[in-house]
Amino acid sequence: MKKILLSVGILAVVGAIVVGATGAFYGDTETSTGNTFTAGSIELKVDSESYYNGMVCTEDGWQPSNNEEFGEVVGFPIQGTNCDGTWEETDLEGGVHTFFNFLDLKPGDHGENTISLHVYDNDAWGQFVIDGIIDRDNSCTDPEDAEDAENGNCSNPNGDGEIDDYLLFTGWLDQGRTPGFQNVDADGNLIDRDDNSENGIQLVDSLEGNNIYDSEYEGVPFWYEENIGNLTHELSDVLSAAYDYYCLDYENVSADGHNDYGLCQGLAFDGRMVGSTTYYFGLAWDFPLESGNDAQTDEYTADMTFKVEQFRNNPNPF
Ligand SMILES: [Ca+2]
Ligand SMILES: [Ca+2]
Ligand SMILES: [Ca+2]
Ligand SMILES: [Ca+2]
């Protein structure tokens, strides 16, 4: 009995093997390897170049700009003295840089910063915020005391200062002669292009990011000699207005601002910032000669913040 059972067992095993061999499925295998979800990045970097009374801020301190567009050199700031309004592309973490840091202004002083923004490497919405304002008399000089009497006198160093009522700011999109941002390199060459004109317009653009408001080409400033206080400014307003003004008449210009660093690169119908484009914004300031004594020693300090948010899937940013 035991032997028979054993035989059945062997048969069963053999049978099983046979079934296995005949029952193999036809099939095929295709493998897609390395499926990955990697988050893209939105990173904002900022650089700045600063001018003050005909001098330019360099790593060797203030130096004559040798360009009359920035005004006459008047002996202040003193050549070689420290300055901190110029820096290469960087993060502004921890408030490492100030665009404006002028501690001994006199009526007649004026200056300019060109601020460039680079979003790496996806499209993004941009926003500019001024807040954290300190606006105070700081100390009360005799002439200030006399003049300030009309406006409530300067008896308290923490009282509301007047300098902000005199300082005038002008801001513009420093896009130069050719609409949009061609981002010509330091040697004056176009980036990744062989053709140097489109629609008869030169793409090499020496007026882009030159710190000068070239009124013939750069449109209406978004601020013109204005006092500036707390504000939140959507960069899309400025950029979409530039698109509407400059880019609608050209054929072969993409409405999303991706134009291979040619005409209208960086200017999109919706005012997004186009990834890996360098945007230049000029910001000029003037402390007019006619400013009153009530602004003596006054302090006006503010934080300037640039924000970006992803463009994709984000129709209502900020
Ligand atoms: Ca004062
Ligand atoms: Ca340009
Ligand atoms: Ca310019
Ligand atoms: Ca004052």
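Keep in mind that this is a model prediction, so the values were computed, not measured. Start at 1 and go down the list; that is how both ligands and their atoms are numbered.
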Point to revise | Asn230 and Asp131: side chain donor to acceptor below 3.5 Å | key: no
Exercise for review: Determine yes or no for a side-chain-to-main-chain donor-acceptor pair under 3.5 angstrom, with Asn227 supplying the side chain and Leu167 the backbone.
Suggested key: yes
Review point. Name of the Glu218 N, O or S atom nearest the Ca ion (ligand 3)?
Key: OE2
Check your understanding: Can you check side-chain hydrogen bond (donor to acceptor under 3.5 Å, both in side chains) on Thr277 and Gln265, steps first, answer last?
Key -> CA-CA 8 Å; Thr277 303; Gln265 169 71 25; 2.9 Å; yes
Check your understanding: Between the side chains of Ser116 and Thr278, does any donor sit under 3.5 Å from an acceptor?
Key -> no
**Study point:** Whether Glu162 has an N, O or S atom under 3.0 Å from the Ca ion (ligand 1)
**Key:** no
Review point. When you look at Gln296 and Thr141, which way does the side-chain hydrogen bond (donor to acceptor under 3.5 Å, both in side chains) test go after all the steps?
Key: CA-CA 7 Å; Gln296 285 196 18; Thr141 66; 3.1 Å; yes
Review point. To the nearest 10°, how many degrees is the angle Asp174 OD1 to the Ca ion (ligand 3) to Leu207 O?
Key: 100°
**Study point:** Geometry at the Ca ion (ligand 3) - Asn210 OD1 versus Ile212 O angle, rounded to 10 degrees
**Key:** 80°
Review point. Any N/O/S of Ser139 under 3.0 Å from the Ca ion (ligand 1)?
Key: yes
**Study point:** Residues Glu208 and Tyr217: side-chain donor-acceptor under 3.5 angstrom
**Key:** no
**Study point:** Residue pair Glu309, Lys307: steps toward the salt bridge (Lys or Arg N to Asp or Glu O under 4.0 Å) verdict
**Key:** CA-CA 7 Å; Glu309 274 188 14; Lys307 298 179 181 178; over 6 Å; no
Exercise for review: Using distance alone, with no hydrogens and no angle criterion, decide if Trp172 and Glu218 have a side-chain donor and acceptor under 3.5 Å apart.
Suggested key: yes
Exercise for review: May I have the angle between Thr178 O and Gly180 O with its vertex at the Ca ion (ligand 2), rounded to 10°?
Suggested key: 80°
Exercise for review: Specify which N/O/S atom of Glu208 comes nearest to the Ca ion (ligand 2), by atom name.
Suggested key: OE1
**Study point:** the Ca ion (ligand 3) to nearest N/O/S of Asp214 less than 3.0 Å
**Key:** yes
Point to revise | Any donor-acceptor N/O pair, Asp256 side chain to His258 backbone, under 3.5 Å | key: yes
Check your understanding: Just wondering, is there an N, O or S atom on Asp294 that's nearer than 3.0 Å to the Ca ion (ligand 1)?
Key -> no
Revision key, fill the gap. Of all N, O or S atoms in Asp298, the one closest to the Ca ion (ligand 1) is OD1
Exercise for review: Compute the angle centred on the Ca ion (ligand 2) spanning OE1 of Gln182 and OD2 of Asp205, and express it rounded to 10 degrees.
Suggested key: 100°
Practice item. Work out the angle at the Ca ion (ligand 1) between OG1 of Thr297 and O of Gln296, rounded to 10°. Key: 60°
Point to revise | Whether Thr141 has an N, O or S atom under 3.0 Å from the Ca ion (ligand 1) | key: no
Exercise for review: Looking at Asp137, pick out the N, O or S atom nearest to the Ca ion (ligand 1) and give its name.
Suggested key: O
